[in-house]
Amino acid sequence: FDEGQRMNAIWDKARSAFSERLTRNWSPHALPSRATAPAVSFSFDDFPRSAAREGAQVLREFGVKGTYFVAGARAGRHLDDVDQFTKDDVLAVAEAGHEIGCHTFGHIRLPTATHAEITDDLLRNQEFVQQILGDYTMCSFAYPDGDVSITSKALVGRWFPICRGIWGGVNHRRIDFMQLKAVSLERDFDLEHVERVLDEAKETNGWVIFFTHDVADKPSPYGCRPGELAGVLQAVIERGIEVLPVKNAAGKMRFP
């Protein structure tokens with residue numbers, strides 16, 4: 001880079017960071033939590049085949065359901081050294097009682113997409129899911145890579161009553177359902193941190209949404225191991241916290 005390019009890169013990074021902070025703090029439609037008990041949700045983004053198999057197996061062993069965020073353009077592909085879901089996986093996950101959520105069709109970067117591009121992309125993902133599941137309505141949305149701006153947040157919020165980001169924390173007191181906080185279970189996650197988050201949720205009747213991608217013995221940087229997922233579930237069960245799909249937990253926060 002020459003000096004001009006270097007300065008432009010610095011300014012672009014600064015503008016992006018400012019936009020992220022501004023968007024997180026822009027929550028005019030946040031609602032007071034009415035929860036009388038804590039809740040936990042487990043979600044899988046993209047989603048890799050291992051999440052539908054190994055991940056679903058762990059959830060089944062604990063008798064709980066999760067939320068799978070589908071980006072239709074990834075179906076049947078091998079991306080970043082990870083096999084992605086197939087249409088049969090979507091059907092199997094839904095028939096097992098898990099929630100299917102939207103993750104856009106093309107895993108697009110929302111802050112740089114136009115209103116028309118976002119709308120067309122969301123329609124494509126809706127059509128993709130309905131081709132598999134019939135008259136299925138997706139209620140929950142997860143921002144790809146957590147990227148969102150004020151304008152895209154407002155637009156997507158008109159499509160989905162429940163939108164999840166990737167900024168860490170417990171959802172309690174006043175909850176921004178257009179950018180819900182979440183806790184990563186990626187490969188370098190810390191179980192002690194997870195336990196502290198769960199304790200906070202129990203003290204505040206809060207809602208913790210965990211998210212990951214693949215679930216494998218040798219996970220990608222964005223995934224976790226089956227034993228690690230089971231360890232988190234065990235910590236949840238030991239605290240007597242109910243595990244629900246995202247849409248069901250959202251209902252508990254608003255209509256206990």
Could you tell me whether a side-chain N or O of [X] sits under 3.5 Å from a main-chain N or O of [Y], the two making a donor and an acceptor?
{"X": "Ser152", "Y": "Val148", "result": "no"}
{"X": "Glu99", "Y": "Val246", "result": "yes"}
{"X": "Glu117", "Y": "Thr114", "result": "yes"}
{"X": "Tyr136", "Y": "Ile100", "result": "yes"}
{"X": "Tyr143", "Y": "Gln179", "result": "no"}
{"X": "Asp121", "Y": "Phe105", "result": "yes"}
{"X": "Asp176", "Y": "Met178", "result": "yes"}

Say whether [X] and [Y] are linked into one hydrophobic cluster, either directly or through other cluster members, by side-chain heavy-atom distances under 4.5 angstrom.
{"X": "Val70", "Y": "Leu122", "value": "yes"}
{"X": "Phe211", "Y": "Val156", "value": "no"}
{"X": "Val215", "Y": "Ile166", "value": "no"}

Taking atom NZ of Lys65 as the centre, does the number of heavy atoms from other residues, nucleotides or ligands within less than 6.0 Å exceed 12?
-> yes
How long is the straight-line distance from [atom2] of [Y] back to [atom1] of [X], given to the nearest 0.5 Å?
{"X": "Ser149", "Y": "Arg109", "atom1": "OG", "atom2": "CZ", "result": "9.0 Å"}
{"X": "Phe42", "Y": "Thr67", "atom1": "CZ", "atom2": "OG1", "result": "11.0 Å"}
{"X": "Asn171", "Y": "Phe177", "atom1": "CG", "atom2": "CZ", "result": "7.5 Å"}
{"X": "Ile209", "Y": "Ser140", "atom1": "CD1", "atom2": "OG", "result": "8.0 Å"}
{"X": "Leu79", "Y": "Ser220", "atom1": "CG", "atom2": "OG", "result": "11.5 Å"}
{"X": "Met253", "Y": "Trp207", "atom1": "CE", "atom2": "CH2", "result": "7.0 Å"}

Test side-chain hydrogen bond (donor to acceptor under 3.5 Å, both in side chains), reference Thr86, set Asp88, Asp89, Asp83, output is Asp89
Side chains of [X] and [Y]: donor-acceptor distance under 3.5 Å anywhere?
{"X": "Thr104", "Y": "Asn125", "answer": "no"}
{"X": "Arg164", "Y": "Ser43", "answer": "yes"}
{"X": "Gln131", "Y": "Glu127", "answer": "no"}
{"X": "His172", "Y": "Asn205", "answer": "no"}

Short N-O contact, Lys252 and Glu242, less than 4.0 angstrom = yes
Do Asp214 and Arg53 meet the salt-bridge criterion of a basic N to acidic O distance under 4.0 Å?
-> no
Any idea which heavy atoms bring [X] and [Y] closest together, and the distance?
{"X": "Ser41", "Y": "Leu244", "value": "OG-O, 2.7 Å"}
{"X": "Ile162", "Y": "Lys247", "value": "CD1-CA, 3.7 Å"}
{"X": "Ala52", "Y": "Val93", "value": "CB-CG2, 3.8 Å"}
{"X": "Ala182", "Y": "Gly165", "value": "CB-O, 3.6 Å"}
{"X": "Met138", "Y": "Val129", "value": "SD-CG2, 3.8 Å"}
{"X": "Pro245", "Y": "Gly66", "value": "CB-O, 3.9 Å"}

Worked verdict on Asp147 versus Leu110 for side-chain contact (heavy atoms from CB on, under 4.5 Å) = CA-CA 6 Å; Asp147 287 337; Leu110 294 174; 5.7 Å; no
Could you walk me through whether Phe44 and His213 pass side-chain contact (heavy atoms from CB on, under 4.5 Å), step by step?
-> CA-CA 5 Å; Phe44 305 90; His213 293 74; over 6 Å; no
Begin from the C-alpha positions of Leu155 and Thr151 and carry the test side-chain contact (heavy atoms from CB on, under 4.5 Å) through to its verdict.
-> CA-CA 6 Å; Leu155 172 58; Thr151 54; over 6 Å; no
Which residue pairs pass the ring pair (Phe, Tyr, Trp, His ring centres under 6.0 Å) test with at least one member in residues 69-92, sequence neighbours excluded?
-> Phe47-Phe85
Expected list for residues 222-230: side-chain donor-acceptor pairs under 3.5 angstrom, two or more places apart:
{"from": "Arg225", "atom 1": "NE", "to": "Asp217", "atom 2": "O", "distance (Å)": "3.4"}
{"from": "Arg225", "atom 1": "NH1", "to": "Glu228", "atom 2": "OE2", "distance (Å)": "3.1"}
{"from": "Glu228", "atom 1": "OE1", "to": "Arg225", "atom 2": "N", "distance (Å)": "2.9"}

Does the side chain of Val243 reach to within under 4.5 Å of the side chain of Phe62, using non-hydrogen atoms?
-> no
Is the shortest heavy-atom distance from the side chain of Arg174 to the side chain of Leu31 under 4.5 Å?
-> no
List, one per line, each side-chain donor-acceptor pair under 3.5 Å for residues 192-202, sequence neighbours excluded.
{"from": "Asp199", "atom 1": "OD1", "to": "Arg239", "atom 2": "NE", "distance (Å)": "2.7"}
{"from": "Asp199", "atom 1": "OD1", "to": "Arg239", "atom 2": "NH2", "distance (Å)": "3.4"}
{"from": "Lys202", "atom 1": "NZ", "to": "Arg239", "atom 2": "O", "distance (Å)": "2.8"}

Just do the side-chain contact (heavy atoms from CB on, under 4.5 Å) check on Lys181 and Val208 with the steps written out, would you?
-> CA-CA 8 Å; Lys181 298 174 183 177; Val208 181; over 6 Å; no
